[in-house]
There are 2 protein chains.
Amino acid sequence: MSNEEHSDAYSPENFRTPDGAPSDIVIFTITSREKATPKKALPTRELQVLLIKRKVWPYEGKWALPGGFCKETESMYECALRELREEAGVTDVHMEYFNVYSKPGRDPRGWILSHAYFALVHEHKLINRRADTDASDVRLFPLEEALAMELGFDHGDMLRDALARVREKMLTTTIAREFLPEEFTISELYQVIQTVVPTFEEPNFIRKITSTQSRQGIIEEARDSEGRPKSSNRYSQRAAQLYRFTEYSPGLSIYG
Amino acid sequence: MSNEEHSDAYSPENFRTPDGAPSDIVIFTITSREKATPKKALPTRELQVLLIKRKVWPYEGKWALPGGFCKETESMYECALRELREEAGVTDVHMEYFNVYSKPGRDPRGWILSHAYFALVHEHKLINRRADTDASDVRLFPLEEALAMELGFDHGDMLRDALARVREKMLTTTIAREFLPEEFTISELYQVIQTVVPTFEEPNFIRKITSTQSRQGIIEEARDSEGRPKSSNRYSQRAAQLYRFTEYSPGLSIYG
DNA sequence: AAAATAGTGTCTCTCAGACATTATGCT
DNA sequence: AGCATAATGTCTGAGAGACACTATTTT
């Protein structure tokens, strides 16, 4: 066995090892507020990000993403789940890994590699938490505001990267479901997509999404126990047909 | 400041820190062999993966992915680039990060979190290397064979995950270019896609890819300095039009 | 009636899918 | 002539895009 530079004979004693491997989580939610109009109307929706105010060095007093150090007894995903629960009081949500942040010097505490996740949380899951927490140190920020802030560490990069990934996935997968109730109207779905991807615009959205031939059954009509279509007039005078996502997830291709 | 479990007052002395943070790289290439026919014909293409035979504990004698430990002075991506160069002799290729592997106990040497990349390498870039390397310990394996092998660590999982990711990206992005020369024929492109994604089948492939209306200009005709279309009879009696990828990368959506 | 959202009719043009047919140059 | 690959012709029906129009219920 040789001692060449790419030797496999690694042993922790011979090299500097990392000082920690945390996970950080970009928690997105969509808040909805009733419009001020006296009549029924679609709510105003806004994409929000959860941030935590740091109480200790480094970046004391700055806002940053929730997160924390991984333990040797858990996987990185389990670590992120734990932090999600401990810091945001949230369980059972869609969470995905998206990148590692490892630039030397990114953390003044030492050589620390951060593993970034994003989570998509339904508004209702955060409402409980907001009651029993000191709102001054854990808060939702509107996306635009959060993007303009100077966050601790390289969390600004993480936020931008997470957002780009979520926007892409919003259009190519059915993650919109994470922000919707089981049964929803086409307008709600359209609104959610537009809230995450402001450039999204489809004048004939209803036609496309419900023409079951080409995009085969991403969603289906909700029906009651007797098979009659269910509708809702939550947001409108005229009741709208309710839909639900199916299990089907289409495969996309640029070649055909 | 409190000592509660999710305190920010982390300091390396108080907790166990990782014993290492390596990167491992799944290097894909497509080999092409001339057919045995006397006449001109399309070559036989095969997706291959580069593996290295381990010489030391753990998994001594087993085949595994190339990789190695990250240094505190480099980012994880730089680490992967270095390993790619040191272990496979490859530079300037498409490489992407795709996951972290962190299951407790995954590495008998300790608490080691591995960061997995895939690289797409043109056959030509590996040919040089194969000459000056002992072919007995660094080798290309046909994909199917590699999948059936028992690799060291959790590298079997990495290989399967990398393959799934590359297959998805082959259909949704223009990474096919990584396996093709600057200018190529439609048949070559079709073959490359099928080599990576065996289920891909498009009877009217030429029509679709060259109808510049809908999939606007993913590729364009190659032309000589006088603007005349260039063609090649590398693989056929009848010369075929050459194409090149443009910079355009289409955005896909399930909603319209 | 006015407002607000839900949903349909209709037209044009492109394109997908299928399959047959022609084109070119080598052996 | 026979072959392998390259490329076009032609038909059908689905669907995208645009825009006007109708439907339903509340205020």
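Below, read A as the first sequence line, B as the second, and so on, with proteins coming before strands; counting in each chain starts at 1.
In this structure, A:Phe200 and B:Tyr255 have perpendicular ring planes: the angle between them is above 60°, well past the 30° mark.
With B:Thr31 as the partner, the side-chain hydrogen bond (donor to acceptor under 3.5 Å, both in side chains) test is satisfied by one option alone out of B:Gln48, B:Arg45, B:Glu46: B:Gln48. Partner of B:Leu163 under the side chain to side chain contact (heavy atoms under 4.5 Å, CB included) criterion, chosen from B:Val49, B:Leu47, B:Val26: B:Leu47.
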Write out a two-atom table: protein N or O, nucleotide N or O from nucleotides 21-24 of chain D, distance below 3.5 Å.
residue	atom	partner	partner atom	Å
D:dA23	N3	A:Arg238	NH1	2.8

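At whole-Å resolution of the value, CG in A:Leu42 and C1' in C:dA6 are 11 Å apart. Computed from coordinates, the A:Glu201 CD to D:dA18 C1' distance equals 13 Å when rounded to whole Å. One can place CD1 of A:Ile254 at 17 Å from C1' of C:dC15, the figure rounded to the nearest angstrom. Rounded to whole Å, atom C1' of C:dA4 lies 17 Å from atom OH of A:Tyr190. What separates CD1 of B:Ile206 from P of C:dA23 is a distance of 16 Å, to the nearest Å. A straight line from CD1 of B:Ile209 to P of D:dA7 spans 13 Å, rounded to a whole angstrom. In this structure, B:Lys208 atom NZ and D:dA14 atom P are separated by 16 Å, rounded to whole Å. Atom-to-atom, CZ of A:Arg234 to P of C:dA6 comes out at 11 Å; the value is rounded to the nearest Å.
Nearer to the 5' terminus of DNA chain C, by closest-nucleotide assignment, is the contact made by A:Tyr235 (compared with the other of A:Tyr235 and A:Asn204). The nearest heavy atom of DNA chain D to A:Asn233 and to A:Glu202 marks one nucleotide each, and the one closer to the 5' end goes with A:Glu202.
No contact: A:Ile186 has no heavy atom under 4.0 Å from any strand.
In this model, a side-chain donor or acceptor of A:Arg207 finds a partner on the base of C:dT10 within 3.5 Å.
Looking at the side chain of B:Ser187, the nearest of the listed nucleotides D:dA7, C:dG17, D:dA6 is D:dA6.
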Tell me which donor-acceptor pairs under 3.5 Å the side chains of residues 176-185 of chain A have, and how far apart each pair is, sequence neighbours excluded?
residue	atom	partner	partner atom	Å
A:Arg177	NH1	A:Thr174	OG1	2.7
A:Arg177	NH2	A:Thr246	O	3.1
A:Glu182	OE1	A:Arg244	NH1	3.0
A:Glu183	OE1	A:Lys230	NZ	3.0
A:Glu183	OE2	A:Lys230	NZ	3.3
A:Glu183	OE2	A:Arg244	NH2	2.7
A:Thr185	OG1	A:Glu188	N	3.2

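For the pair B:Glu123 and B:Leu140, the minimum side-chain heavy-atom distance is 4.5 Å or more.
Distance alone, capped at 3.5 Å, places no donor-acceptor pair between the A:Glu83 side chain and the A:Pro66 backbone.
For A:Lys169 and A:Glu96, the salt-bridge test passes: some basic side-chain N is under 4.0 Å from an acidic carboxylate O.
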